Number of protein chains: 2
Amino acid sequence: MSTDPPGWELPLRLLLGFRVLIDELHAELARQGHPDLRPMHGFVMQAIGRGGTTAAELGRLLGVSKQAAGKTIDTLERVGYVERGADPADARRKVVRLTERGIESLALAARIFDDLRARWAHALGEDRLRALETDLRAVTPPGALRLDIPGWFGGLD
Amino acid sequence: MSTDPPGWELPLRLLLGFRVLIDELHAELARQGHPDLRPMHGFVMQAIGRGGTTAAELGRLLGVSKQAAGKTIDTLERVGYVERGADPADARRKVVRLTERGIESLALAARIFDDLRARWAHALGEDRLRALETDLRAVTPPGALRLDIPGWFGGLD
DNA sequence: CATAATAGACAATGTGGTTGTCTATATAGT
DNA sequence: ACTATATAGACAACCACATTGTCTATTATG
């Protein structure tokens with residue numbers, strides 16, 4: 001009769017798994033012409049989406065302050081992945097949109113993530129990996145990062 | 001025939017799962033008299049262990065610079081979870097040891113993590129959870145306990 | 001039209017990380 | 001033994017990413 005694994009192994013493995021994927025993603029992104037992208041930039045650009053947003057809206061979407069969102073937009077703008085424009089319908093708003101390079105980098109990241117998933121599927125078997133994803137989905141908040149909004153997360157490929 | 005889930009779902013769910021566990025751990029720790037503990041402190045105190053370490057050694061263990069490790073030790077010392085002492089065998093070294101309170105907080109965290117794991121086992125079934133742990137172990141570096149992703153702890157909440 | 005809500009800019013601060021430099025101490029090689 | 005090298009830790013400057021608070025301009029509402 002085997003005893004249960006210690007409870008702390010779960011968060012540790014989840015973190016390590018995340019790190020492995022993100023590290024390999026960014027190593028590959030750097031190799032393919034995107035050395036400036038930081039781990040969070042992918043999430044932020046996903047949240048911006050094809051339609052564009054504003055800093056305050058982006059903050060609400062990601063669950064951070066509008067100031068934090070604004071600063072992240074600053075750096076993404078500086079390295080050429082987003083651009084700001086005025087909103088003709090509301091003089092207060094400045095709309096953030098992905099540049100061509102931003103859209104390309106998202107598509108590339110999606111391809112790399114698919115490759116990495118295929119490697120996990122090879123190591124574990126497609127059925128086991130699918131079970132892992134299903135189970136994580138079951139214990140993870142559904143609305144986190146607003147994944148329930150149709151059409152933006154992953155909708156850019 | 002069903003198509004594969006997109007590759008980006010895997011890292012996202014891993015991150016969300018990690019955050020869910022860590023957030024609940026620290027909410028419970030705060031409730032039980034340890035409001036000053038930050039997400040990384042548990043990992044750091046685990047790495048210090050009963051035997052104690054030094055800042056440089058701790059940095060190597062965690063995969064961060066000795067300066068970063070030293071600063072984290074500073075804050076843990078300030079809130080009373082570790083203490084520094086001289087090493088009689090080497091005048092350069094200052095040994096970091098857990099205080100009573102530090103050891104208690106680790107034991108408490110272990111209990112809370114076990115409770116959280118039990119909740120996941122209840123939701124998924126013990127066999128599915130065990131499979132999840134096994135599979136994560138298989139795709140994750142064996143001895144790794146490196147926390148060197150700047151900004152991910154406490155980010156996006 | 002006055003008032004309230006919102007968008008964004010700016011500043012100060014906190015946390016956790018980085019390099020680089022410095023001194024003191026230990027260890028190894030001739 | 002003595003010199004060369006490696007190591008521990010302190011200190012400073014800086015970066016990334018977040019926070020709260022304050023301010024102005026603009027839009028929406030009673």
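Quick caveat, the model's predicted, so the values are computed rather than measured. Proteins come first, then strands; the chains are lettered A, B, ... in the order of their sequence lines, and each starts at number 1.
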- Could you check whether A/Glu57 gets within reach of a base, just the sugar-phosphate, or nothing at all, counting any heavy atom under 4.0 Å? nothing
- Item | Earlier contact from the 5' end, DNA chain D, for A/Arg78 and A/Gln67 | A/Arg78
- State whether B/Thr54 places a side-chain N or O below 4.0 Å from either non-bridging phosphate oxygen (OP1 or OP2) of D/dG9. yes
- Item | Given D/dA8, D/dA13, D/dA10, the nucleotide with the shortest approach to the side chain of B/Arg92 | D/dA8
- Query: When you check the gap from the basic side-chain N to the acidic O, do B/Arg137 and A/Glu9 get nearer than 4.0 Å?
  - Reply: yes
- Winner on side-chain proximity to B/Val64, out of C/dT25, D/dG9, C/dG17, is C/dG17
- Does a side-chain N-to-carboxylate-O contact under 4.0 Å join A/Arg97 and A/Glu77? no
- Inspect the contact between A/Arg60 and A/Glu57 and indicate whether a charged nitrogen and a carboxylate oxygen are less than 4.0 angstrom apart. yes
- Query: C/dG14 C1' sits how many Å from B/Met40 CE, rounded?
  - Reply: 14 Å
- Message: Does C/dA9 have its OP1 or OP2 closer than 4.0 Å to a side-chain nitrogen or oxygen of A/Lys94?
- Response: yes
- Query: Any side-chain N or O of A/Ser65 less than 4.0 Å from the OP1 or OP2 oxygen of D/dT19?
  - Reply: yes
- Item | Nearest-neighbour nucleotide for the A/Ala91 side chain, C/dG20, C/dT18, D/dT27 considered | D/dT27
- Message: Counting only side-chain heavy atoms from C-beta out, which of D/dA10, C/dG16, D/dA6 sits nearest to B/Arg84?
- Response: D/dA10
- Check whether any side-chain N or O of A/Arg93 sits under 4.0 Å from OP1 or OP2 of D/dT26, and answer yes or no. no
- Message: Check this for me, if you would: do B/Lys94 and B/Glu83 make a salt bridge, where the nitrogen-to-carboxylate-oxygen distance has to be below 4.0 angstrom?
- Response: no
- Task: Output yes when at least one side-chain N/O atom of B/Thr72 is less than 4.0 Å from OP1 or OP2 of C/dG17, else no.
- Result: yes
